[in-house]
Structures are given as C-alpha cells and as structure tokens.
Amino acid sequence: MTVQTEEKNTTTASIVCSILAKYWYITLLLIVAAAGAVFAGLIPPRIMQSLIDTYLDSGKAAVLSGLSRIKIIHIAAAYFASFAVISLLGIIKEAVLSTAGQKITVVMRDIMMRKMSLLPASYFTQNESGATVSRFTNDIEAVQALFTNGVVSMIIDLLKIVGIVISMWLFNSILGLLMLCVLPFVYLLTRFFQKQMLGAQKRKRSIIARVTGFVPETVRNIRMIHSFGKETYMQRKYAECITESYNTIEKINLYDSIYSPIIRIITSFIIAAVAVSASARLPFMLITAGMAAASMQYIMDVFEPIGNLGMELQSIQSAFAGISRVNEFLAEKEEPLKNKNKAAVLFQKMHTGRGLTIELQHITFAYKSGDKNILDDVSLVIRPEERITFAGRTGAGKSTLFNIIPGLLIPQSGKVLIDDIDAASIPNTDKRRIFGYITQHFDFINGTIADQITMGDRAITRADIEDSLRFTGMLDYVNSLESGLETPAGPQQFSQGQLQLLAVSRAIVTHPPILLLDEITANLDSSTEKKLLTVLDKAGKGRTVLSVSHRLSAEIPCDRIITVKDGKLYF
C-alpha cells in the first residue's frame, strides 16, 4: 500500500476556496450582509433629495400643511432608520469576516503543518528555521488580512463606487460623466502606488523572516557569543537587519501617507464643482437643491471607499507578498512515496528473530546542487548485529551518513537497502521500530516524561516505558518525581548524563534491531561517560550498532572502525 497524505500543487487560493465552499452558510451570510450594506448605503442621499426638493425648497417651505409636517417627520425617521440598518449590516459583515478569517487561519496552519511533516530532511538543512516560522506566523496572518481587510473589503468598496456612480447618473447625466472622468484617474493613481508598494512589501517580509530567525539563534548561542567576546558583532548584525527593516517600512509609510491626502483634494474639488453648478443654475445642468445635496453626499460616500482602497491596497500587497511565500512552501518537493507493505516485510523478518543487513550502494550526496560532494560513491555492507564505529574529523560526513542510512536524507545517486528494501521507501512512522537514533542532544517535546519516551506513539504501553527506563537505570529517579511518569518534563529536571540515558530509553522502547549513536559522549565527564557506555554496551547486545566518534576510546567495543575522509570510507 502506497501512502501519500498531501495533495500536490496545493495553493493558498485553492485552500481558501475550499474553506468557503465547506462553510457555505458563512459565505452566503457574508454575501447577503455585504450586498445589503452596499444597497442600504445608497438610500440616505435619495431620502435627503426627496425631502429637500419636495418640502424644504424655498418656494414650498412657507406653505407646509400639518399633513406635510407629519410626512417630513416620517421621512426623517426613515432617514435615520436607514443608517441604523447600514450599521446593523456592517456589524454582521464584520462578525462574519472575522469568523471566516479565523477558520482560514486555522485550516491553513493545519495544512502547512501536515505539509512540513512530509518535507524531506534536506529542506531543513537548506532553509533557516526563522524563515519557516515566519511562514506559519506572519505570512498566515497576512493571508487572513487579505480576506478580512483586503479583497472582500475592496470588492464591497468597488460595488459602493459603482452604485453611487449609477445613482448620480440617474440624477443628472453630466454628474455621472464627471464621476466617470475622475474615477479612471483615481484608478491609475492607485495602480501606481500598488506597483511601488508591492516590491517594498516583499522586501519587508524577507527582512522580518531574517529578524525572526536572528533572535532565537542569538539566544541559543549566547554562551558561545560571550565566550568569544562577539557581543558587538552580533549587535551590529542585528542592527543592520533592524535598520533595513526600518527603511523598508518608512518607504511603505511614505507611499501610504501621500495617497490619502491626494484623494481628499480630489474629493474637495468635485464637491466644490457641484456646489457652484447648483448655485449658478446652469441651463445645461438642471440640478435642484435636493440633487445637489444628495450628490455631495454621494461624492463624500464614493471617495470614502476610494480612500479606504489605500489601506486595503497596503493590506493586499502585504498579503500577496506573504501568499507568495506560503505558496512556495506548499510547492516544496515532498519525500518520495512510502510503501507500508515494505515495512511489513521487514517487521515479519524481525519477529522471526532474523537480523537485518544494511547495504549502501554507490552513495553520492551533496546538500546543494553544485556543492562539493559530502559522500562520493560510497559503498558498504553491514552484517546483522555487527558493531561499527565511524571515525573522522568534523565535517567529514559522519552525521550525514547517519541521516542517509535510515532514509532521512536522499542521496543524489545510489541507495540504502535494508534487507533489499530501499530505506527511503519505508514510511517514517515505521522507521522507529527499525532504527533507534541517539544524538548528543536530547530534544524535548511539550508533555510529560512519558511523552518524551513515547513521542505520541499510542502503540507503546506504560509497561514498555517502564521497561526502557528500568533498563537505563532511570526508573527510580523518574518515580521519585512528584507525579512520576506524568510529571511535566523540562531540561531543568535532568543532568546531562540523565538526558543521555533518557535518550537511550526513547531509542530502545520500540526494540529496534539497529542503533545509531551520533557523538553521544561529546558533552559528558569521564564518570558519566563510563556509566553511559556500560548501558549502551548492554543495549547493543543482539543489535546492529553504528556509532560516530572523534575519540575512539570513548565508544563501546566494535568489530570494525571505518574512517570517513574526503567523501570516502577507509576500512
């Protein structure tokens, strides 16, 4: 059975459309509220025009009857009621937009997390962690902003503009022509600012990703920075990022601050033109006082959404920059297809007590295309229960080899066979029952001490956890804690040696036939190292044990020592 959990060519647009289709009732309510708000916004100026021309014109105001006064009160009530309806529809629209935006955010982050679980290890070696975190935080928030404060709001504002232009045309064709002449100019102006801001927004996103990664990197290496006296250097590099970000945001703010005043000047000019035309009673523009008042209201109303386009434009450009980065992430090449049947074949062999043979066939690997090969045409056969130590200088490729053997890194050529089955084709969820991987650092996950051992694997029982901790001598210490296995775990609870023993417990709890030990004694004192090596020697019985070391004296006994040098293996 071939396993593939994520669709190819997924894009932000397709995800958003699928969400809107799934929650169709929210989409329908949004359309009704938005359309109602646009239509209701056209009513108040019409009521004002009718009131002025029918009852408040200078020639009619003096002969108002009692009945007419009652009608005026009714019209005034209708005028204020229309604003109440507009406000209510606006509240509904904003509430629905907020709800839809949150659903988009949740689904997008869920899809991206599933996508990240399918990415090969090479992605994480070639991309900074800060850039990936920024995609999950800032860029997803930009996608939400595109929907809530961008595209939907812009569509509503454009519909308002169209409705107002049509209403003014019905008043007077010349007024309609005046608006039609002004709007293309406003569009071209908006388009100019759009192009200028897009590049700045993309640059801003890139800089934010750098800053996001710089801070945790500095915190993680703060002791090294202090030890080498590089505080000033790190401050200068951070200041460069901040300064570049400041200059980019200043450029964006400059365009935004120029845009709105220009719109206000155009608004004032048109209102003044309508007022002069109405007062002069020009024969070619038969505009009544009511029409003039209503037109002025429409003009202020039409330039309000046009003015909003400035803010919406910034949100949209910012969102497009974020969307492009999210789409790049979703388009990343995933791991090869996995085959459950192949893992089942290996499990059957393991249950019969047969050991597994590991064969490296002409492995060539480089982290980036065009870079020097870390491993160059490497071949090796490892027999069941054989113990091998890989030695060599830092950067020779020992840890890289340890990531290639279980199929975490995919070589450019060649393959790794586990009993004639390609390691890269085995599902990652099954590899833990084949390989036990122990590194010099223990990585915590959120949860209890039991969770640190199971890593969320429900097939691991409490008895399995206790057996693995008993094997490494950690069970008594864990039971001495306040809640035993259910104690929330953190690095402050364990010494460095205990962390390594915890790592051994995590590795052997599934009884894997192969152990990979990557520089596990690098940070230990001699006494703790001796205790750990004793535990590992016991854990290695009946297993294939592959270890990496700089110091051959600090490893468990082995059958062969293989030196890794210049991309080759020397026996």
Side-chain angles (χ1 to χ4, degrees), residues 5-7 9-42 83-116 133-163 190 194 197-198 201-202 204-205 208 301 304-331:
T5 59
E6 185 70 40
E7 293 184 4
N9 301 322
T10 302
T11 63
T12 302
S14 62
I15 294 172
V16 172
C17 289
S18 66
I19 295 171
L20 295 178
K22 179 179 179 180
Y23 299 100
W24 59 268
Y25 49 91
I26 294 179
T27 306
L28 180 61
L29 183 58
L30 175 61
I31 293 173
V32 171
V38 171
F39 178 76
L42 301 176
F83 281 105
V85 172
I86 293 172
S87 299
L88 177 61
L89 292 172
I91 292 172
I92 295 173
K93 181 198 71 175
E94 291 299 326
V96 174
L97 274 176
S98 179
T99 301
Q102 288 299 319
K103 290 187 179 296
I104 289 172
T105 300
V106 170
V107 174
M108 286 290 299
R109 284 180 173 151
D110 181 59
I111 290 174
M112 289 181 67
M113 180 57 71
R114 283 188 276 124
K115 173 72 179 185
M116 188 167 68
V133 171
S134 180
R135 284 178 167 87
F136 276 80
T137 53
N138 300 322
D139 294 335
I140 290 298
E141 289 174 3
V143 174
Q144 180 186 357
L146 174 65
F147 182 80
T148 56
N149 301 322
V151 171
V152 174
S153 296
M154 181 171 282
I155 290 173
I156 293 173
D157 287 332
L158 289 175
L159 290 176
K160 286 181 181 177
I161 293 171
V162 172
T190 304
Q194 180 185 32
M197 292 171 66
L198 178 59
Q201 287 288 356
K202 286 185 175 181
K204 173 189 170 186
R205 289 281 163 195
I208 288 176
D301 289 345
E304 179 183 355
I306 290 178
N308 290 340
L309 292 179
M311 293 183 292
E312 292 159 0
L313 181 61
Q314 182 168 342
S315 297
I316 289 173
Q317 296 309 307
S318 175
F320 278 145
I323 286 173
S324 65
R325 287 161 51 80
V326 172
N327 285 339
E328 288 172 3
F329 179 82
L330 295 174

Considering non-hydrogen atoms only, spot the tightest contact between [X] and [Y] and give its length.
X: L42; Y: G163; answer: CD2-C, 3.7 Å
X: A40; Y: I86; answer: O-CD1, 3.4 Å
X: I19; Y: K103; answer: CD1-O, 4.3 Å
X: F136; Y: R109; answer: O-NE, 2.8 Å
X: L330; Y: T12; answer: CD1-N, 4.2 Å
X: L89; Y: A37; answer: CD1-N, 3.5 Å

**Message:** Would you say that V162 contacts L158 through its side chain, given a criterion of any heavy-atom pair below 4.5 Å between the two side chains?
**Reply:**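 No. Closest side-chain heavy atoms not under 4.5 Å.
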
Straight-line distance of [X] [atom1] to [Y] [atom2], nearest 0.5 Å:
X: I26; Y: L20; atom1: CD1; atom2: CG; result: 9.0 Å
X: I92; Y: L97; atom1: CD1; atom2: CG; result: 12.0 Å
X: S14; Y: N327; atom1: OG; atom2: CG; result: 8.0 Å
X: S324; Y: F329; atom1: OG; atom2: CZ; result: 14.0 Å
X: I161; Y: I156; atom1: CD1; atom2: CD1; result: 12.5 Å

**Request:** Determine which pairs satisfy side chain to side chain donor-acceptor pair (under 3.5 Å) with at least one residue from residues 87-102, sequence neighbours left out, and list them in order.
**Result:**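 For residues 87-102: none.
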
**Message:** Is it the case that the side chain of D139 and the backbone of I323 share a donor-acceptor pair, with hydrogens and angles ignored and the cut-off at 3.5 Å?
**Reply:**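 Not at all, since once roles are kept as given, no pair shorter than 3.5 Å links the two residues.
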
**Request:** Please say which of I91, L30, I31 ends up in a side-chain contact (heavy atoms from CB on, under 4.5 Å) with V96.
**Result:**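 Answer after filtering I91, L30, I31: L30.
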
**Message:** L28: which residues meet the side-chain contact (heavy atoms from CB on, under 4.5 Å) condition with it, sequence neighbours left out?
**Reply:**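 side-chain contact (heavy atoms from CB on, under 4.5 Å) check on L28 returns W24, V32.
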
**Request:** Not counting sequence neighbours, which residues clear side chain to side chain donor-acceptor pair (under 3.5 Å) with T105? List them please.
**Result:**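 For T105 the side chain to side chain donor-acceptor pair (under 3.5 Å) partners, ignoring immediate neighbours, are Q144.
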
